[in-house]
Protein chains: 2
Amino acid sequence: MRPTKRDELVQKALKVFYQNGFNATGMDKLVAKTGISKTSMYKHFRTKDDLIIAVLRLRDEHFRNWLYRRMEELGETPEEQLIAMFDALEEWFAEAGYKGCMFIKASSEFQDASHPIHKQSADHKRMLETHMIGLAEKAELANPEVLARQLLLLKEGAIVTAHLGHTDNPAQDAKLAAAQLLDMHRQ
Amino acid sequence: MRPTKRDELVQKALKVFYQNGFNATGMDKLVAKTGISKTSMYKHFRTKDDLIIAVLRLRDEHFRNWLYRRMEELGETPEEQLIAMFDALEEWFAEAGYKGCMFIKASSEFQDASHPIHKQSADHKRMLETHMIGLAEKAELANPEVLARQLLLLKEGAIVTAHLGHTDNPAQDAKLAAAQLLDMHRQ
DNA sequence: TTTAAAATGTACAGATCGGTACACTTTGTC
DNA sequence: GACAAAGTGTACCGATCTGTACATTTTAAA
């Protein structure tokens with residue numbers, strides 16, 4: 001099954017939005033950068049917001065798949081995998097063109113909590129939370145929910161800090177903190 | 001000394017930008033919301049970007065003053081003050097109209113690291129870092145720099161998470177984690 | 001090869017963008 | 001009360017914004 005024009009559009013729009021921002025990227029620029037006609041775009045998506053939502057859906061899928069897989073590759077036990085999250089993050093931060101978290105940026109540009117794009121971003125974070133709580137439970141750590149949320153606070157902090165770029169290696173700072181927190185939840 | 005029109009503009013623009021976003025707020029909207037004529041605006045600031053930079057400067061001053069003062073009020077010793085940061089954050093998150101960190105949002109909309117607005121945001125975070133390292137040193141904690149950066153990761157994470165609003169009380173999750181990390185740095 | 005669906009190119013509408021021009025009014029100071 | 005400085009209102013510039021209309025070409029399946 002060949003990728004449809006729709007998939008191609010979403011994929012390419014993802015790159016442009018990620019590098020340029022949502023409000024800063026007009027539909028004309030999207031035509032220029034993707035080579036897909038505006039008519040075609042508006043046949044697949046009623047509005048720009050709808051396109052952005054599709055982009056975020058794809059990003060959610062890609063990002064969580066990548067993170068979960070990488071955590072499994074880098075850690076044997078659930079406990080190791082939780083820590084390995086920060087090694088995965090370090091790899092991400094080191095990529096050329098790293099520009100922070102797409103969902104944080106989306107919620108920065110669409111601030112109203114009732115906006116579908118904001119909600120979608122919150123959903124992404126919620127799914128990450130569920131997954132990490134599951135891992136903490138599998139690892140039989142004390143207070144798995146609190147611990148998982150704390151590790152995610154470190155993750156979000158590291159993502160933002162890596163983008164602001166005023167600190168050397170936020171991923172490793174976070175990893176060390178995570179390991180210490182995890183130690184205290186071992187029972 | 002009465003506040004000048006310039007101060008009034010920066011102050012009011014701050015509120016509008018914070019609630020509406022930077023790119024999403026046009027100069028015409030600023031005229032409408034501040035009651036200051038466009039001619040006057042452009043006499044004080046050459047460009048919109050210059051105005052944004054002035055806004056961020058004011059925000060930096062206000063925010064750091066507020067945070068440092070609140071930390072001193074809520075904690076006796078430097079050690080207590082570091083932990084009290086998260087109580088201060090909780091107060092902030094609870095304010096009506098809380099919309100996250102202005103500098104994270106600025107760096108989300110002006111992503112290029114070489115952009116003056118992005119740099120200004122990084123400067124703000126750097127100044128916070130310096131202050132927290134100083135406190136950690138005063139508290140005679142081990143590895144004051146690493147610890148301070150870790151506490152700030154928790155802070156940024158909590159700010160983002162509070163804005164995404166998918167979690168109950170990120171400030172208290174962060175505070176608990178901070179207290180545990182701090183315990184491990186006591187010598 | 002016929003035929004319907006999908007995609008294209010282009011031109012445009014109406015609104016808004018950042019920024020300027022210009023004539024006018026208010027304000028504070030001597 | 002004169003006078004310069006500061007601020008106002010409005011109309012406008014060219015560019016860009018999201019979204020649409022319409023006639024044409026490409027694609028894919030029968």
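Lettering follows sequence order; numbering is per chain, from 1.
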Comparing B:I36 and A:D28 on DNA chain D - which has the more 5′ nearest nucleotide |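 Counting from the 5' end, the first nearest nucleotide belongs to B:I36.
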
First encountered from the 5' end of DNA chain D, between B:S40 and A:M27 |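 Its nearest nucleotide lies further toward 5', so the answer is B:S40.
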
Within this structure, what is the [atom1]-to-[atom2] distance between [X] and [N], rounded to whole angstrom?
| X | N | atom1 | atom2 | result |
| --- | --- | --- | --- | --- |
| B:L51 | C:dC17 | CG | P | 15 Å |
| B:F17 | C:dG18 | CZ | C1' | 11 Å |
| B:R6 | D:dA5 | CZ | P | 19 Å |
| A:K29 | D:dA15 | NZ | C1' | 13 Å |
| B:Y42 | D:dG7 | OH | P | 16 Å |
| A:K43 | C:dT8 | NZ | P | 10 Å |
| B:L30 | C:dC17 | CG | C1' | 13 Å |
| B:E8 | C:dT27 | CD | C1' | 14 Å |

Tell me which nucleotide among [options] gets nearest to the side chain of [X].
| X | options | value |
| --- | --- | --- |
| A:T39 | C:dG19, D:dG19, C:dG9 | C:dG9 |
| B:S37 | D:dG19, C:dG19, D:dT8 | D:dT8 |
| A:K5 | C:dA7, C:dG18, D:dT18 | C:dA7 |

Which atom names give the shortest non-hydrogen contact between A:A24 and B:N23, and what distance separates them?
-> CB-ND2, 4.4 Å

Donor-acceptor pair present, B:K48 side chain and C:dG19 base, under 3.5 Å =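 Flag unset: no donor-acceptor pair detected.
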
Using the ring centroid of each side chain, check whether [X] and [Y] are separated by less than 6.0 Å.
| X | Y | value |
| --- | --- | --- |
| B:H115 | B:F110 | yes |
| B:F103 | B:H124 | yes |
| A:F63 | A:W92 | yes |

Between D:dA6 and B:H44, is there an OP1 or OP2 to side-chain N/O distance shorter than 4.0 Å?
->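 False: B:H44 side-chain N/O out of range (4.0 Å or more) of D:dA6 OP1/OP2.
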
Can you say whether the rings of A:H131 and A:Y68 are parallel (under 30°), tilted (30 to 60°) or perpendicular (over 60°)?
->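 Parallel: the ring planes of A:H131 and A:Y68 meet at under 30°.
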
